[in-house]
There are 2 protein chains.
Amino acid sequence: MQTHKKSISEITSSLRDKGMKMTQQRRVILDVLRSTKQHPSAEWIYNQVRKIIPNVSLGTVYRNLNTLQQEGLVLEMNYGKGQSRYDGTVEPHYHVRCIQCGRIDDVEFDTYDHLHDQVESRTGFSISEHRLEFSGICPDCTKSV
Amino acid sequence: MQTHKKSISEITSSLRDKGMKMTQQRRVILDVLRSTKQHPSAEWIYNQVRKIIPNVSLGTVYRNLNTLQQEGLVLEMNYGKGQSRYDGTVEPHYHVRCIQCGRIDDVEFDTYDHLHDQVESRTGFSISEHRLEFSGICPDCTKSV
DNA sequence: CTACGTGCAAACTTTTTGCTCATGG
DNA sequence: CCATGAGCAAAAAGTTTGCACGTAG
């Protein structure tokens, strides 16, 4: 794991090439998300960003998370009916989620990209990615039962 | 695949053992979901059920899908921010999803349950299940580009 | 009979959007 | 400068829930 992440200035210029701006809000949202090992919700990110830009709006957080996702800089994950969770690590990796407290950790694992060919020939789909997610009870929740 | 599904009467009596009733609505919702190879949304199920029970309510569909899910008779899947999708096949299997039209097919594949031990020792979680989902473009959408 | 389930509509949660103003490049 | 983005608040989308009535067992 621990692959090389694009620097903010690299990102800034690739955004500029598409006529997009690196605003203060966008930069801080990305910074916040990249600097946590949690896989937070939009609201958690919003609260962190507010510590730096007190009058940022939740709408801005959502708009930017969507933009960043389209640019391939952020991943969105949905579980159950609650809030989406976001991940600032876009390099392929897998997740394990606690069905009790919602905690999501990364799993250090070789990825199974070679399965794409098998899936393509069996389904006729042209596969671009896959997600593998384990669920169970985390160590903390195991203790506290 | 094509594993044995519990019959409605088996389900009825196992529900009864828990003090739950097999209502007409519950039975039809389960029938509709089990008899499609699609992986439909609650609203699609609702519309199908209405053909048989015209005044069924969407709330009832949701309530029953949640109940059936808790009983392990139905799976719920979330993708992006739209509606949840439901699956009447609870035997372990994987999915492939079209990022263009939203179609979801099953993938015939041996399952990777042996990974659970590896994940447990690496993360300390106690794993109960995993999901593997491929995404890409389906044959129909490939044609129509 | 009677507890569990339903229909209906209102409420709730999460996310998106229209509009006007601000700002990065 | 001026097109892209932000802030605000209202709306949309999806799901849940309270209540009075219905029905499976």
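What you see is a predicted model, and the numbers here were worked out from it, not measured in a lab. Both backbone and side-chain heavy atoms feed into the values below; hydrogens, waters and symmetry mates do not. All chains are named by letter (A, B, ...) in the order of the sequence lines, taking the proteins before the strands, and each is independently numbered beginning at 1.
- Side-chain N/O atoms of Asn47(A) and Arg50(A) include a donor and acceptor closer than 3.5 Å.
- Which of dG5(D), dG7(D), dG7(C) sits closest to the side chain of Thr60(B) comes down to dG7(C).
- In this structure, CG of Leu58(B) is placed 13 Å from C1' of dT17(D), rounded to the nearest angstrom.
- For dG7(D), its base sits under 3.5 Å from the side chain of Arg63(A) at one donor and acceptor pair at least.
- Here the P atom of nucleotide dG25(D) and the CG atom of Asp17(B) are 12 Å apart, to the nearest Å.
- Each of Asn64(B) and Lys81(B) lies near DNA chain C, and the nucleotide nearest Asn64(B) is the one positioned closer to the 5' end.
- An OP1 or OP2 oxygen of dT6(C) is reached within less than 4.0 angstrom by no side-chain nitrogen or oxygen of Asn55(B).
- For the pair Gln83(A) and Ser57(B), both in contact range of DNA chain C, the more 5′-proximal nearest nucleotide belongs to Ser57(B).
- With dG7(D), dG5(C), dG25(D) as the candidates, the nucleotide lying closest to the side chain of Thr12(B) is dG25(D).
- Nucleic acid contact class of Arg16(A) (heavy atoms, under 4.0 Å, all strands): sugar-phosphate only.
- Set against dG25(D), dA6(D), dT6(C), the side chain of Gln25(A) has dA6(D) as its closest nucleotide.
- Rounding to whole angstrom units, CH2 of residue Trp44(B) and P of dT15(D) are separated by 16 Å.
- One interatomic measurement links the two molecules: CD1 of Ile53(A) to C1' of dG24(C), which rounds to 14 Å at whole-angstrom precision.
- Proximity note for Thr23(B) (side chain, C-beta onward) versus dG25(D), dA6(D), dG5(C): the nearest is dG5(C).
- Between the CD1 atom of Ile29(B) and the C1' atom of dG5(C) there is a distance of 11 Å, rounded to whole Å.
- If Gln24(B) and Gly59(B) are placed on DNA chain D by their nearest nucleotide, the residue sitting closer to the 5' end is Gly59(B).
- Take the nearest nucleotide of DNA chain D for Val56(A) and for Gly82(B): the residue whose nucleotide is more 5' is Val56(A).
- The structure places CG of Leu75(B) at 7.0 Å from NE2 of His95(B), a figure rounded to the nearest 0.5 Å.
- What separates CD of Glu43(B) from C1' of dG14(D) is a distance of 9 Å, to the nearest Å.
- Of the inter-residue distances, the one linking Gln38(A) atom CD with Leu33(A) atom CG reads 10.5 Å to the nearest 0.5 angstrom.
- When the side chains of ILVMFWY residues are joined at heavy-atom separations under 4.5 Å, either directly or via intervening members, Ile137(B) and Tyr79(B) end up in two distinct hydrophobic clusters.
- Within 4.0 Å of Ser84(B), counting heavy atoms only, lie sugar-phosphate atoms of the nucleic acid but no base atom.
- Of the candidates dT6(C), dG25(C), dT16(C), the closest approach to any side-chain atom of Lys21(A) belongs to dG25(C).
- Closest approach of Lys5(B) and Glu10(B) over heavy atoms only: O-OE1, 4.5 Å.
- Distance CD1 (Ile8(A)) to P (dG24(C)): 15 Å, rounded to an integer number of Å.
- Across the protein-nucleic acid pair, Leu15(A) atom CG and dG5(D) atom C1' stand 12 Å apart, rounded to whole Å.
- The nearest pair of heavy atoms linking Ser84(A) to Lys81(B) is OG-CG, 4.5 Å.
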